[in-house]
Amino acid sequence: MEALKQISQLPISLSSLIILISATVPLSAAAELGLTDDSKCGCYLTNGGESRYFARHRFFDFRSLSEYAGVPATIRDAETTAGADETSAFFTATKWTDFWTLASWNNSNSARADASVLMVNSPNNVYIEANNEPDPSSQTWLTLRTQRLPDFQTAAEIESASASYKYLSLRMRARTVGARGAVTAMFTYRDADSLADVQESDLEIRTNDPRNLVHYTNQPSYTDDGDDVARATVNATMPGGRSWTDWAVHRMDWTPGMTTWYVDDAQVAQIAFQTPRDECNIILNSWSDGGSWAGNMSDNDAAYLQVQWLEVVYNSTGAGPEAKRHGAGSSCNRVCSVDQTPQRGRPVMLWDNAAASRGGGGLVAWIPMGAAMFMVLITSGLLG
Ligand SMILES: *[C@@H]1O[C@H](CO)[C@@H](O)[C@H](O)[C@H]1NC(C)=O
Ligand SMILES: *[C@@H]1O[C@H](CO)[C@@H](O)[C@H](O)[C@H]1NC(C)=O
Ligand SMILES: *[C@@H]1O[C@H](CO)[C@@H](O)[C@H](O)[C@H]1NC(C)=O
Ligand SMILES: *[C@@H]1O[C@H](CO)[C@@H](O)[C@H](O)[C@H]1NC(C)=O
């Protein structure tokens, strides 16, 4: 009360009004949006050309996992590698297993027509690796390894446990390093009995390619007869003179009727043709099969997809753990952003209709009030 009385006795000066305004009204800078957490978010609004609302958010951070770091020796036996153990307890913890599975399939049944080598996916090729480079941008990262061995190609793939994703914005800060003859990829995938019925939006890097070339595709990009479907693909150049061996944020927005790709916030490709329509898995992999797309790796050569973090905002029609609500109810009253955040992985609140409608001083309520006060100041010539 004493403080209030003192303030009310002060002459209202221009400077005190400005202080009042700047203290209560986040009028301009995105930096002033409040950091929050997923339990407070009803939904997420993405930025970019195909801005959409999504109901859920997951963030996988591989940057400070020293306790799980270690590069496992390659298993050189085709018969046992698919059944290998996870490489650390990170991959058996619920935080991982409620979203991801480690692939162990091989291409003996479902090979591409021109594959020339047995490819076997192994959990042993998915591991947390310590950053031993100077000037580290993270202590650790996730590595997906593929290596050519005398008898087969060992490969790595993580797949979402759920096949019920329907529209998403998927991002990874990643790079591809290693020898020629491999492919690394981040994509959505819906399996089908025939090639023509596959639904898939792809980001693919071929280590045979020039280091600035990335392939973006709404599959299938070829027919059973081996013909190219040119409209399905955009071959793009990494922006800003970057190469895919550099760390960059690769983003894919799958929205109704359109897939849009970005590198470090620059849009690099957009394809409407054959955009997936039905529920899909999310997959990352690192592979080769000696076919015409991947090429051949030389014996013992290896290539790696390395990921510092992986983030996705999405809708799911499923009933699995990925479909669980964070706690902010089923309404989109509290709208968050994972783009305009100062802290990667933590959302900011864009606006809160719930608070506004309770008269609780939500952002929506404050902006008009602040704007009105500015108008008063401007029209009375005080800010002229
Ligand atoms: C995601 O689901 C919400 C409803 O929960 C809906 O309002 C929104 O439009 C959906 N997003 C897309 C891209 O379909
Ligand atoms: C390849 O997968 C088939 C089942 O699809 C399995 O029977 C076979 O043992 C696997 N081969 C290897 C080398 O893992
Ligand atoms: C993209 O590049 C691949 C491989 O170099 C090539 O086969 C394909 O025809 C290209 N597609 C387009 C649309 O440029
Ligand atoms: C890969 O090597 C095999 C022989 O080991 C060969 O049959 C195949 O054509 C090669 N693939 C490519 C794309 O050159």
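These numbers were taken from a predicted model, which means no experiment stands behind them. Only heavy atoms go into these numbers, but all of them, side chains included; no hydrogens, no water, no symmetry mates. Every number for a ligand or one of its atoms is a count from 1 in the order of the listing.
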Under the rule for salt bridge (charged side-chain N to carboxylate O under 4.0 Å, His left out), what residues qualify as partners of [X], not counting sequence neighbours?
X: Glu50; value: Arg52
X: Asp151; value: none
X: Glu133; value: Arg175

Arg52 N/O under 3.5 Å from ligand 1 N/O: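 No; every N/O pair is 3.5 Å or more apart.
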Centroid-centroid distance, Trp309 to Phe62, less than 6.0 Å: no
Pairwise side-chain contact, Thr259 with Pro276, heavy-atom cut-off 4.5 Å (strictly under):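 The answer is yes; the side chains approach within 4.5 Å.
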N/O separation below 3.5 Å, Gly290 to ligand 4: yes
Ligand-residue contact atoms, ligand 4 with Gly291, heavy atoms, under 4.0 Å: 13 (C)
Derivation and outcome, disulfide (SG to SG under 2.5 Å), residues Cys336 and Cys41: CA-CA 6 Å; Cys336 292; Cys41 298; 2.1 Å; yes
Are there any N/O pairs under 3.5 Å between ligand 3 and the protein, and if so, what are their distances?
unit_1   : atom_1 : unit_2 : atom_2 : d
ligand 3 : 2 (O)  : Asn235 : OD1    : 3.3
ligand 3 : 2 (O)  : Asn235 : ND2    : 2.4
ligand 3 : 5 (O)  : Arg206 : NH2    : 3.4
ligand 3 : 9 (O)  : Asp228 : OD2    : 3.3
ligand 3 : 11 (N) : Asn235 : ND2    : 2.9
ligand 3 : 14 (O) : Asn235 : ND2    : 2.9

Whether Tyr314 and Phe99 hold their rings parallel, tilted or perpendicular, with breakpoints at 30° and 60°: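 Perpendicular.
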Mutual orientation of the aromatic rings belonging to Phe90 and Trp96 [parallel < 30°, tilted 30-60°, perpendicular > 60°]: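 Rings of Phe90 and Trp96: tilted, as their planes differ by 30° to 60°.
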For Phe54, atoms of ligand 1 separated by under 4.0 Å from a heavy atom: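 Heavy-atom distances to Phe54 below 4.0 Å select 13 (C).
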For Tyr167, the ligand 1 atoms whose distance to one of its heavy atoms is below 4.0 Å: 13 (C), 14 (O)
